Peer 1: 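The structure under discussion is supplied below as structure tokens; questions concerning it will follow.
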Protein chains: 2
Amino acid sequence: MVYTIGEMAKMLDLAPSTLRYYDKEGLLPFVERSEGGIRLFRDSDYEFLKIVECLKKTGMQLKDIREFIHLVMEGDSTIEARLALFQKQRAEVEKQIAQLQETMEVIRFKCWYYETARQAGTTAVPDAMPNEALPEGLRAVRARLRKEME
Amino acid sequence: MVYTIGEMAKMLDLAPSTLRYYDKEGLLPFVERSEGGIRLFRDSDYEFLKIVECLKKTGMQLKDIREFIHLVMEGDSTIEARLALFQKQRAEVEKQIAQLQETMEVIRFKCWYYETARQAGTTAVPDAMPNEALPEGLRAVRARLRKEME
DNA sequence: CCTTGACTTAAAGTTGACTTTAACTTCTAT
DNA sequence: ATAGAAGTTAAAGTCAACTTTAAGTCAAGG
């Protein structure tokens, strides 16, 4: 099955201009052309682009994704390098998830803070509340925000 | 305790120019100045900036963070609005974590794929492997990458 | 008093990832 | 054969979030 740029763009839910930009940046060296110069995308290209999408979601920059694509093009001699890349990316994403979970703690604290303030009609109440009065799990969060302890 | 911009920047691990930029963008309306025009940061400003940092980590844009800061400056009349904001942000971060976990599945698949390829010396082996031969949890991932089923 | 390091501003420059524009070509359907 | 949709390129424009530069001011120590 072959697709035009517009069809492939729709399948991936992005703009055709984005695919052209990726191509210009060297991310799509595998895309073939018709006689007249029209890009012909294959199902295997879809698979490639799903991986590009995945790497983008991990925050990887296009120039690093290009490096990966070029490793793939070089064939089986780069299997080790590609494995290393994904192992590194796995650690990276684990870190990101941990980071977001920490951020979530702060947000949970702030939700509690404003719920308490709403009840009282003023933020002065949660502000003045002693540590022992706040929910267990939120004490450390407030302390960190206030730069108490380290 | 008051701090100069350089000291506060160090405490937050960012460049002084970043704090000046935030100020210019209206994110630091609470920062006072000395006679001579030098910014004076307080401990309470540190707390503010930690929240800015937190909101940035959720991917919120500076202009939206500015809106929040301005809600805070308006006082207790905006408690509801601020609570709503954090509740929205909580849902947002939950979505982000779920998204990263999906991404992690793909990366796990790729790690398996390249480990298998390394053993075999070629990616042809994992490519040709029937669904039943791959680890339980990775079958659906490969199917999604290949646009089999939905 | 004077040096020196850290501060100030306004304005311009940078980076990454696109998007838009303009001029043109190819493909498909009648 | 031709119209119109969708493709092509190169180049310029956009956006967010900073960073850098230039020219100058403030503040603390000797």
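The chains referred to below are lettered A, B, ... by the order of the sequence lines, with proteins before strands, and numbering in each begins at 1. It should be emphasised that the depicted structure is a prediction, and the values quoted were computed from it without experimental measurement.
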Peer 1: Among pairs that include at least one residue of residues 62-91 of chain B, which meet ring pair (Phe, Tyr, Trp, His ring centres under 6.0 Å), considering only residues two or more places apart or in two chains?
Peer 2: A:Tyr114-B:Phe86, B:Phe68-B:Phe86

Peer 1: Could you pull out all residues at least two apart from B:Asp23 that satisfy salt bridge (charged side-chain N to carboxylate O under 4.0 Å, His left out)?
Peer 2: B:Arg33, B:Arg39

Peer 1: Pairing of DNA chain C as dot-bracket, 5' to 3': ( ) intra-strand, [ ] crossing, | other strand, . unpaired, with Watson-Crick or G-U pairs under 3.5 Å?
Peer 2: ||||||||||||||||||||||||||||||

Peer 1: Going 5' to 3' along nucleotides 13-30 of chain D, which nucleotides have protein heavy atoms under 4.0 Å from the base (write B), which only from the sugar-phosphate (write S), and which from neither (write -)?
Peer 2: ----BBBB-----SS---

Peer 1: Looking at residues at least two apart in the chain, or sitting in another chain, which of them share a side-chain hydrogen bond (donor to acceptor under 3.5 Å, both in side chains) with A:Lys50?
Peer 2: A:Glu53

Peer 1: Under the rule for side-chain hydrogen bond (donor to acceptor under 3.5 Å, both in side chains), what residues qualify as partners of A:Gln101, not counting sequence neighbours?
Peer 2: none

Peer 1: Apply salt bridge (charged side-chain N to carboxylate O under 4.0 Å, His left out) to A:Glu105 and list each qualifying residue two or more places apart in sequence or on a separate chain.
Peer 2: A:Arg108

Peer 1: Of all residues at least two apart in sequence or in a different chain, which pass the salt bridge (charged side-chain N to carboxylate O under 4.0 Å, His left out) check with B:Asp127?
Peer 2: none

Peer 1: Of all of residues 1-13 of chain A, which get a heavy atom below 4.0 angstrom from DNA chain C, listed by number?
Peer 2: none

Peer 1: I'd like to check the salt bridge (charged side-chain N to carboxylate O under 4.0 Å, His left out) partners of B:Arg66; sequence neighbours left out, ordered by chain and number.
Peer 2: none

Peer 1: For residues 4-28 of chain A, which residue pairs qualify under ring pair (Phe, Tyr, Trp, His ring centres under 6.0 Å), counting only residues two or more places apart or in two chains?
Peer 2: none

Peer 1: Using side-chain contact (heavy atoms from CB on, under 4.5 Å) as the criterion, list what pairs up with A:Glu7, not counting sequence neighbours.
Peer 2: A:Tyr3, A:Thr4

